[in-house]
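Since the structure comes first, as structure tokens, the remarks are kept for the end.
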Amino acid sequence: MLDTADIRRLADELDHARKHVATVRQLSLRHPHMTVADAYAVQSAWVERMLADGRRIVGRKIGLTSMPMQRSMGISEPDYGVIADDMVFDNGGAIPWDRFTFPRVEIELAFVLAERLAGPGIGAADVLRATSFISPSIEVLDSRVEMTDPGSGHRRTIVDTISDNAANAGLVVGPGTLDPRDLRPRDLSALLYINGVIEESGVASAVLGNPAQAVAWLANRLGAYGQALAAGEVILSGSLTQSIPVSRGDVVHGEFGALGAVTCRFV
């Protein structure tokens, strides 16, 4: 386990890296015995610094919701991070590309909560009852930790990703709304376009079988720490696609069929 001084130092490094659009050396290389619990402690300490800077937490993101991604990271459950108010961008608007070190995008369903959700014992049905509506969204990912160590070629691990706020960096929510009672995960698919070309496609049932189940997992996971999902929060339930790198000038478009579309451009 990391001691308090190490946790604070790593949180300071990540906070500095974000503010200066830089990366830090992989935490997993410097602390080879670092645990998932340590990583969440670093993330929590970083969130404290966000709040101290006047930022406001407006939601959460859930990542690694597919079994192949979990196996690739050597874990058996998803991960999570926070969404701060300055991470939210307008649908159809411009996102500064140079705000990020290695931006990637994913498309997913955003659950906007009408009621507080506190575990344990939360199920998918509880999530649907507590949800005001579901909208299409684009998540912007970034890395404040080196993806690959230049000396050894070592790839970042799950403790690097979790410490790095689960790689969360931005959110765009589309105007379409779905009544949670009408969610049919097997029937809801989406296409991810970059500059008018389809790069990825996916179906909602790929997210733990049901994206509402992913939100339930998060409520129960946070409940173990005495935390809850608050009314009004936006919960990114997990990507329907693999992440795709973007470059300056790219236009990103997520097409969700009858649910509508969401778009942004990097400038």
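Distance alone, capped at 3.5 Å, is enough to place a donor-acceptor pair between the Asp250 side chain and the Ser247 backbone. Although no hydrogens or angles enter the test, the distance criterion places a donor-acceptor pair under 3.5 Å between the side chain of Trp97 and the main chain of Val246. Although no hydrogens or angles enter the test, the distance criterion places no donor-acceptor pair under 3.5 Å between the side chain of Thr101 and the main chain of Arg144. For His31 (side chain) and Leu27 (main-chain N/O), no donor-acceptor pair under 3.5 Å exists by modelled atom type. Side chain of Glu108 to main chain of Gly238: a donor-acceptor pair is present (N/O by atom type, distance under 3.5 Å, no hydrogens or angles). Within the 3.5 Å criterion, the main-chain N or O of Glu106 finds no donor-acceptor partner in the side chain of Glu139. For Asp164 (side chain) and Ala167 (main-chain N/O), no donor-acceptor pair under 3.5 Å exists by modelled atom type. Between the side chain of Asp79 and the backbone N or O of Ala166, no donor-acceptor pair lies under 3.5 Å. Distance alone, capped at 3.5 Å, places no donor-acceptor pair between the Thr131 side chain and the Phe111 backbone.
Counting non-hydrogen atoms of neighbouring residues, nucleotides and ligands closer than 6.0 angstrom, the CZ atom of Arg9 exceeds 12 such neighbours. Residue-environment remark: CG (Asp90) stays at or below the threshold of 12 foreign heavy atoms within 6.0 Å. Other residues, nucleotides and ligands place more than 12 heavy atoms under 6.0 Å from the CZ atom of Arg99. Few gaps surround NE2 on His154; more than 12 heavy atoms of other groups in view lie less than 6.0 Å from it.
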Stepwise side-chain contact (heavy atoms from CB on, under 4.5 Å) test for Leu10 and Ser163: CA-CA 9 Å; Leu10 293 175; Ser163 299; over 6 Å; no
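Judged by distance alone, the side chains of Thr35 and Asp38 do bring a donor and an acceptor atom under 3.5 Å apart. A side-chain N or O of Thr148 and one of Arg155 form a donor-acceptor pair less than 3.5 Å apart.
Between Tyr40 and Tyr80, the two ring planes are parallel [angle under 30°; tilted spans 30° to 60°].
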Table please: side-chain donor-acceptor pairs of residues 199-228 below 3.5 Å, with sequence neighbours left out.
residue: Asn210; atom: OD1; partner: Ala212; partner atom: N; Å: 2.9
residue: Asn220; atom: OD1; partner: Gly121; partner atom: N; Å: 3.1
residue: Asn220; atom: OD1; partner: Ile122; partner atom: N; Å: 2.9
residue: Asn220; atom: ND2; partner: Ile122; partner atom: O; Å: 2.9
residue: Asn220; atom: ND2; partner: Ala216; partner atom: O; Å: 3.2
residue: Arg221; atom: NE; partner: Glu77; partner atom: OE2; Å: 3.0
residue: Arg221; atom: NH1; partner: Tyr225; partner atom: OH; Å: 3.0
residue: Arg221; atom: NH2; partner: Glu77; partner atom: OE2; Å: 3.0

Donor-acceptor pairs under 3.5 angstrom involving side-chain atoms of residues 51-59: please list them, not counting sequence neighbours.
residue: Asp53; atom: OD2; partner: Lys19; partner atom: NZ; Å: 2.8
residue: Arg55; atom: NE; partner: Asp86; partner atom: OD1; Å: 3.1
residue: Arg55; atom: NE; partner: Asp86; partner atom: OD2; Å: 3.3
residue: Arg55; atom: NH2; partner: Asp86; partner atom: OD1; Å: 3.1

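Within the model, atoms CZ of Arg104 and CG of Asp142 stand 6.5 Å from one another, a figure rounded to the nearest 0.5 Å.
Between Ile138 and the choices Val172, Leu171, Asn91, Ile95, the side-chain contact (heavy atoms from CB on, under 4.5 Å) rule is met once, by Val172.
Applying the salt bridge (charged side-chain N to carboxylate O under 4.0 Å, His left out) test to every pair with at least one member in residues 124-138, sequence neighbours left out, gives these pairs: Asp126-Arg129.
The residues Glu13 and Arg30 are annotated as salt-bridged, a charged nitrogen and a carboxylate oxygen being separated by less than 4.0 angstrom.
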